[in-house]
Amino acid sequence: MVLSDVDIIKNLGERIGIYPFCEDNVKGASYNLTASKFAWRDDELVHPTEDNKIILEPSSTTLVMTEEAVWVDSSLAGTYHSKVRLVSKGLGHISTTLDPNWVGPSLISVHNYSEDAYHLSVGASFVTLIFDNLLTPSTKASTNTPGRAGLVREHSDEFEEWLEDRNEKEKILTKLKGSSTYKDAKQKITSPWKEFYKQFWFWLIMWLVAWLLILGGPLCVDSFKKLHPNLNYICEHAPTFLVGVPALLALFRIEQRRS
Ligand SMILES: O=c1ccn([C@H]2C[C@H](O)[C@@H](COP(=O)(O)OP(=O)(O)OP(=O)(O)O)O2)c(=O)[nH]1
């Protein structure tokens, strides 16, 4: 089953990693990947122009690395698709696959069938990735190198360094989860009440355990209560303390997560 925009964001950070992540690139049931500044033609690096365009020469194939590194777990796969805007300009149709457990940027082969050069802006979306839920998780590991770097001969130090940053699941997830774009997207799909209830129940249980272990004993001792009128007060207002403290802690935690 294909993942919708909501499914993609729900699974982000859990079964899907996308770094860098941009919410605008989440479409109804897909994610638009953008062009990095790394591209190759005839095995040689194609350097972007001064105004940051990669020239896709007529009647030739250019391999363009996506800016985004993607990780999916063993229960997801995907397919790469062309964008109508580019196909209508004579650029070749992309129809390739994303394997379960894939990690890294993608190397996208774009053929320019037209007679005119196409100027692809670095940072522009140029390929669409659809995520598919597998009925049963795959048992096969993804064996290809991140970014399919083995398919291109000429590597620059800058490219190696860039790839180093996004060639492992942990690196992708850590960077994704640390980004404000991720936090904002997650926050939008989580109902504030649902988040509050989740936090509230957690803190209520913690508070009850603390209450019983730390305060329960002394509070039952009358003489102790007399010595400490404040504790007596707490005892009389136990329900308020019981509900109020976890509620406050839940609100504090939600606020802390948002900032
Ligand atoms: O256009 C694409 C499609 C896929 N991939 C990545 C993700 C995918 O998980 C991995 C493997 O792709 P594919 O399954 O097409 O390759 P393969 O079946 O191993 O064949 P080959 O190694 O001949 O490409 O490469 C790309 O970088 N670019």
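Numbering of ligands and ligand atoms starts at 1, following listing order.
- Of the N or O atoms in R148, one or more lie within a sub-3.5 Å distance of an N or O in ligand 1.
- Polar contact with ligand 1: present for D99 (N/O pair, distance under 3.5 Å).
- Of all the atoms in ligand 1, the ones that sit under 4.0 Å from a non-hydrogen atom of S106 are 26 (C), 27 (O).
- Ligand 1 has an N or O atom lying under 3.5 Å from an N or O atom of L107, backbone or side chain.
- Between the side chains of S4 and D7, at least one donor-acceptor pair of N or O atoms lies under 3.5 Å.
- Under the 30°/60° scheme for interplanar angles, the aromatic rings of W162 and F38 are found to be tilted.
- Aromatic rings from F252 and W203 are positioned such that their centres are separated by 6.0 Å or more.
- Within the 4.0 Å cut-off (strictly below), a protein heavy atom is located near atom 15 (O) of ligand 1.
- The protein heavy atom nearest to atom 5 (N) of ligand 1 is Y80 OH, 3.9 Å.
- Under the 4.0 Å distance rule, the nearest protein heavy atom to atom 18 (O) of ligand 1 falls outside the cut-off.
- For residues 163-190, there are no ring-ring contact (aromatic ring centres under 6.0 Å, His included) pairs, not counting sequence neighbours.
- Distance from atom 1 (O) of ligand 1 to its nearest protein heavy atom, with residue and atom name: T96 OG1, 2.8 Å.
- Considering each of L129, T145, T97, V110, the one bringing a non-hydrogen atom nearest atom 4 (C) of ligand 1 is T97.
- In the model, D116 has no side-chain atom that pairs as donor or acceptor with a side-chain atom of S114 under 3.5 Å.
- Looking at S109, S95, S106 one by one, the single match for side-chain hydrogen bond (donor to acceptor under 3.5 Å, both in side chains) with Y80 turns out to be S106.
- Contact annotation: for N144 versus ligand 1, heavy atoms closer than 4.0 Å belong to the side chain alone.
- Clustering of Ile, Leu, Val, Met, Phe, Trp and Tyr side chains at separations under 4.5 Å places V2 together with I130.
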